[in-house]
Protein chains: 2
Amino acid sequence: MPEQSVRVKLVDVAHAAGVSKATVSKVLNGRQDLSVRPETRRRVHEAAEALGYRPHSGARALAGANTHALALLIPALANPTYVTIARGAYQRARELGYLSLLAEDFDGQEADESFHDLVQEGRVDGLLIASARPGHPLLDALSRSAVPHVFLNRSVEGSGRNVTMDVARSSVTALDHLYDLGHRRVGHIAGPPGITPSEVRKRAFLEHADELGLDAAPVASGDFTEDGGGSAARELLRPADGDGRPPVTALYTSSLAQAIGAMAAIRDLGLRIPEDVSVVGNDDLPVAAHLNPPLTTVAMPLHELGTAAVDALVATIEGRQTGDVVVPTEPQLVLRGSTARPAEPGATP
Amino acid sequence: MPEQSVRVKLVDVAHAAGVSKATVSKVLNGRQDLSVRPETRRRVHEAAEALGYRPHSGARALAGANTHALALLIPALANPTYVTIARGAYQRARELGYLSLLAEDFDGQEADESFHDLVQEGRVDGLLIASARPGHPLLDALSRSAVPHVFLNRSVEGSGRNVTMDVARSSVTALDHLYDLGHRRVGHIAGPPGITPSEVRKRAFLEHADELGLDAAPVASGDFTEDGGGSAARELLRPADGDGRPPVTALYTSSLAQAIGAMAAIRDLGLRIPEDVSVVGNDDLPVAAHLNPPLTTVAMPLHELGTAAVDALVATIEGRQTGDVVVPTEPQLVLRGSTARPAEPGATP
DNA sequence: AAGTTTCAGTCAACCGGTTTCCTCAGACGG
DNA sequence: CCGTCTGAGGAAACCGGTTGACTGAAACTT
């Protein structure tokens with residue numbers, strides 16, 4: 001018969017092992033400042049195991065130790081990009097003995113609440129923040145509070161706590177691909193203004209377009225959603241002058257959802273993909289392969305971003321310092337059916 | 001100058017209000033078993049407010065009160081259906097003064113760990129379980145542990161703790177639509193066997209197909225993913241005899257991802273949507289409207305499922321009993337371009 | 001006028017760990 | 001042979017709330 005639902009306490013383990021609470025606590029936490037005979041150590045571990053002992057996190061936190069829990073604040077649960085990052089974070093956290101909690105931060109509305117609930121009420125040891133924005137209410141609270149934290153994906157200039165990917169490189173990769181196919185007029189659908197990776201991606205796009213000597217490289221902003229991508233695409237494809245032709249032959253988007261929305265908009269305009277307009281998306285998630293046509297994407301190391309962020313946060317919690325971190329894995333082009341040579345071969349005048 | 005990062009404690013509030021710790025605790029928790037003058041009550045609230053007091057959740061949990069936190073266990077973060085449910089749950093939890101935590105349960109692997117981390121370590125007051133399956137390791141632990149919990153979406157027969165939607169109705173709605181268009185041979189892509197809503201949906205599909213007198217109503221199972229939908233679709237569309245025609249003119253899937261995978265498979269087979277095969281998906285999420293063609297779906301009340309589940313769980317935690325709950329909102333057909341009349345008008349021989 | 005209620009709040013134990021001194025026994029040094 | 005040192009572990013305070021028993025004063029009874 002399994003033990004009832006009565007909590008197994010430290011003192012129970014102590015009793016079973018024939019030692020005191022203090023000894024059990026120190027042994028189980030692997031503290032060096034105590035000398036114990038190997039045999040005692042073994043007895044303690046065995047007793048804990050046999051009884052299925054689990055320390056009460058509240059008691060632990062109260063006594064000044066840490067909670068072994070982290071929280072991850074992401075801007076939108078509905079965005080599979082962040083979910084992928086979160087999975088990486090979860091996994092690594094567990095490997096390091098931390099429990100990680102997920103909270104959605106609807107662009108600052110919830111952040112303050114979550115901060116109180118999680119940090120001020122002592123539920124977590126640190127924060128992974130993927131929802132940073134200039135003027136975000138959380139930034140203020142954080143700077144005052146000495147709570148360990150790192151910013152991931154959306155970085156905060158000068159914080160020395162940023163964990164990011166090589167976003168600039170993803171623009172270059174996408175643009176090179178389109179250039180090699182023969183495109184000379186390429187539009188970029190950026191994310192909302194003020195969000196770091198979005199700005200970096202855009203800047204890299206414009207710079208590289210310049211290096212390649214493209215004929216046109218217009219940019220339009222939109223949310224990271226299907227609708228955001230749709231309206232930005234319509235904006236970029238609106239014929240400029242009397243000429244009925246769309247001003248660009250290819251689009252490079254900041255998110256997968258934007259790409260889906262853009263593709264829908266392109267079809268609505270009566271244009272074909274990729275014959276009339278090629279599309280390259282960002283972030284390679286399963287759905288990309290099943291779209292019509294299948295979407296060419298730049299795969300970002302999302303999972304690794306999650307693990308790297310947890311590594312950096314745990315380092316901070318444990319007192320080891322880390323500066324800004326950039327995940328080393330490079331963005332990778334995944335070729336599918338949404339890109340092809342432009343219809344008009346000699347696009348350059 | 002804002003207060004430093006030193007924690008504001010109960011005694012600080014007590015001191016500021018000129019009363020004892022006990023009084024502050026009781027006033028802030030709104031306990032009836034204490035009589036206080038309105039004026040004292042006001043002073044306490046004002047002091048707490050002014051100091052920005054936040055009770056330490058660990059201390060609270062330790063002292064026997066509850067933690068005001070719930071955990072939601074979902075089978076796959078990558079599945080937007082569950083994410084939508086989760087958002088409903090989050091929102092309602094907050095309204096009721098609870099913090100809700102999200103944990104992914106990779107089909108039982110993680111459940112046991114999560115259970116220990118969250119429940120045994122005293123971090124939460126109750127569990128919302130969306131990942132139940134027959135033989136799931138969690139079920140055992142739960143039945144022994146007296147932890148308040150409810151099962152949502154995936155129900156557990158006879159538990160009296162199920163919160164579900166009218167899944168059977170969704171099959172009827174989808175089938176009626178296809179029947180009205182003239183389809184007489186309709187295939188169903190079910191979820192993995194053993195999962196309740198999947199079984200119910202399938203049974204309702206077969207029963208209603210029988211009631212309508214369909215010529216064929218084959219069923220194939222697959223994961224709730226794009227690939228699962230793709231292979232199930234190929235199975236259902238494989239010509240049976242020498243006849244080169246696919247055996248069905250329409251498909252009804254259990255998830256949105258399955259529908260996306262099925263659509264890709266249909267195209268790979270050289271068939272057109274909806275001219276050759278109509279497709280109806282389950283769960284209306286934003287991406288459905290932006291597919292090519294836009295997907296006709298049965299919209300399920302996912303958000304409400306989340307809120308209803310939290311209501312039921314909180315009721316359980318607070319000692320009020322609730323039996324099984326079915327969310328009253330009916331599944332709603334959302335008409336889009338993936339369904340049309342079948343090519344051959346007189347399909348019935 | 002004395003006893004009994006009621007009101008308004010206080011006292012102190014307790015929850016389950018962690019941590020800081022201690023202690024005690026045996027080994028070692030002189 | 002006595003004092004000191006070291007190894008192995010223990011006693012108790014403490015973390016920040018909650019809670020049931022308790023108290024002192026005022027109000028009400030009879």
>> Quick check: closest heavy atoms across A:R154 and A:F224, and the distance to 0.1 Å?
In response: NH2-CE1, 4.1 Å
> Taking C-beta and beyond as the side chain, do A:H56 and B:E121 meet within less than 4.5 Å on heavy atoms?
Replying inline: no
> Atom CD of B:E39 and atom C1' of C:dG9: how far apart are they, to the nearest Å?
Replying inline: 14 Å
>> Whole angstroms only, please: what is the CD-C1' distance between B:Q120 and C:dG17?
In response: 16 Å
> Any luck finding a side-chain donor-acceptor pair between A:S20 and A:T23 under 3.5 Å?
Replying inline: yes
> The side chain of B:S35 lies closest to which of these nucleotides: D:dG10, D:dA8, C:dC7?
Replying inline: C:dC7
> Any Lys/Arg nitrogen of A:E95 or A:R92 sitting under 4.0 Å from an Asp/Glu carboxylate oxygen of the other?
Replying inline: yes
>> Each nucleotide in nucleotides 15-20 of chain D should get exactly one letter: B, S or -. Can you fill that in based on protein heavy atoms under 4.0 Å?
In response: BBBBBB
> Can you tell me if A:N162 and A:T164 form a side-chain donor-acceptor pair at under 3.5 Å?
Replying inline: no
>> C:dA8, OP1 or OP2 - any side-chain N/O from B:T40 closer than 4.0 Å?
In response: no
>> Within the 4.5 Å heavy-atom criterion, are B:V24 and B:K21 side-chain neighbours or not?
In response: no
